[in-house]
Number of protein chains: 2
Amino acid sequence: MAERTGTDVRRSTRQRTLVRDLVGELDSLRSAQEIHALLRERGESVGLSTVYRALQALAEDDEVDVVRNEQGEVLYRQCSVKHHHHLVCRSCGRAVELVGPTVERWADQAASEHGFSDVTHTVELFGLCPRCAGGD
Amino acid sequence: MAERTGTDVRRSTRQRTLVRDLVGELDSLRSAQEIHALLRERGESVGLSTVYRALQALAEDDEVDVVRNEQGEVLYRQCSVKHHHHLVCRSCGRAVELVGPTVERWADQAASEHGFSDVTHTVELFGLCPRCAGGD
DNA sequence: ATTCTTGCAAACTATTTGCAGAACA
DNA sequence: TGTTCTGCAAATAGTTTGCAAGAAT
């Protein structure tokens, strides 16, 4: 959890840029491994651990959001709004962002009702998107 | 995903009973490793993989529910109602069951709004329970 | 007797880390 | 030039699996 200070600055490198750009052009949640594989397919030479580190850095800087899928893998996706949830296609990985306040309100209420503090929530929906459901 | 048939029946064994009973007396979400450790502390001799297998069997039979914590570990807890969510204390592991329909409705609506089918949801709240927040 | 279960060790998956050499500011 | 970053190999953590021996029906 070490916060970064002003003295150790995030350097801009080829690998970091590749990862950021790739995540930027995808609209689905992907694992570090998938992102690494995609880069390799494009002929880019990047190490797997570098991809992990790059994604962690992006998450730390709040440039991507982080989700865990049903198998426990960590998935990343560029984020636009600060806090929201995803409706993820379990077949193609495409994700729709859900921004409504419904869940937040529900979570806050449940927390205060039971006297819990410092509450975070994990909310993700997994299903089949219309495209994948059709061509099954 | 192999369904069990009528010919291979679930046998009742010492180990299976130990795990089921322990889960029954706990009111908090625990990992397989924790359950294994608790049994060992009580002087029971059970293998770790047996605990994993026993918990999986219980989950398959819908006797416990399964949740993944923020670190990606799988947690188990005896379940009373069919579908619900948890407000879990990240310090002591105690869990409150939340049964309201709010989230289900929201999930269903979001799914149909975007044409997704066969949608499941993952909803968990993690926080500090009053007891742990007090004695910090 | 037959079939299911156990427990160990080894395998596996996703992820993290140490470290020497390479790259950025 | 000095610090940060990279990539490999090795380490970790949680979980799963093969298999021979043991227990339940």
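Naming convention: chains lettered A, B, ... in sequence-line order (proteins, then strands); numbering from 1 in each chain. The analysis underlying the following values was restricted to heavy atoms, covering all of them including side chains, and did not include hydrogens, waters or symmetry mates.
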Inset, instruction - Using a cut-off of strictly less than 4.0 Å, decide whether A/Q56 has a side-chain nitrogen or oxygen near OP1 or OP2 of C/dT16. - result: yes
Legend entry - Stretch residues 28-40 of chain A: residues that reach within less than 4.0 Å of DNA chain D through a heavy atom: none
Inset, instruction - Please name all residues satisfying side chain to side chain donor-acceptor pair (under 3.5 Å) with A/E73, sequence neighbours left out, ordered by chain then number. - result: A/N69
Inset, instruction - Measure from CG on B/L48 to P on D/dA13 and round the result to the nearest Å. - result: 14 Å
Legend entry - Length of the line joining A/L18:CG and D/dC5:P, which is rounded to integer Å: 16 Å
Inset, instruction - Could I get the full list of side chain to side chain contact (heavy atoms under 4.5 Å, CB included) partners for B/V23, not counting sequence neighbours? - result: B/V19, B/I35, B/L55, B/V64, B/Q78
Legend entry - N/O donor-acceptor pair under 3.5 Å between B/R94 side chain and B/R131 backbone: no
Legend entry - Set of side chain to side chain contact (heavy atoms under 4.5 Å, CB included) partners for B/R53, sequence neighbours left out: B/S49, B/Q56
Inset, instruction - Measure from CG on B/N69 to P on D/dA13 and round the result to the nearest Å. - result: 15 Å
Inset, instruction - Report the residues that fulfil side chain to side chain contact (heavy atoms under 4.5 Å, CB included) with B/V67, sequence neighbours left out, ordered by chain and then residue number. - result: B/L29, B/H86, B/E124
Legend entry - Per-nucleotide protein contact string for nucleotides 17-25 of chain C, where B marks a base within reach and S marks sugar-phosphate only (heavy atoms under 4.0 Å, - for neither): BB----BBS
Legend entry - Side chain of A/E73 - closest among D/dT15, C/dA14, C/dG7: C/dA14
Inset, instruction - Grab the CD-P distance between B/Q71 and D/dG14 for me, whole Å please. - result: 9 Å
Inset, instruction - Could you list the residues that satisfy side chain to side chain donor-acceptor pair (under 3.5 Å) with B/T120, not counting sequence neighbours? - result: A/E70
Inset, instruction - Quick one: name the residues clustered hydrophobically with B/L48, using the 4.5 Å side-chain heavy-atom rule over I, L, V, M, F, W, Y, and just say none if it's on its own. - result: B/Y52
Inset, instruction - State which residues pass side chain to side chain contact (heavy atoms under 4.5 Å, CB included) with B/A57; sequence neighbours excluded, sorted by chain then number. - result: B/R10
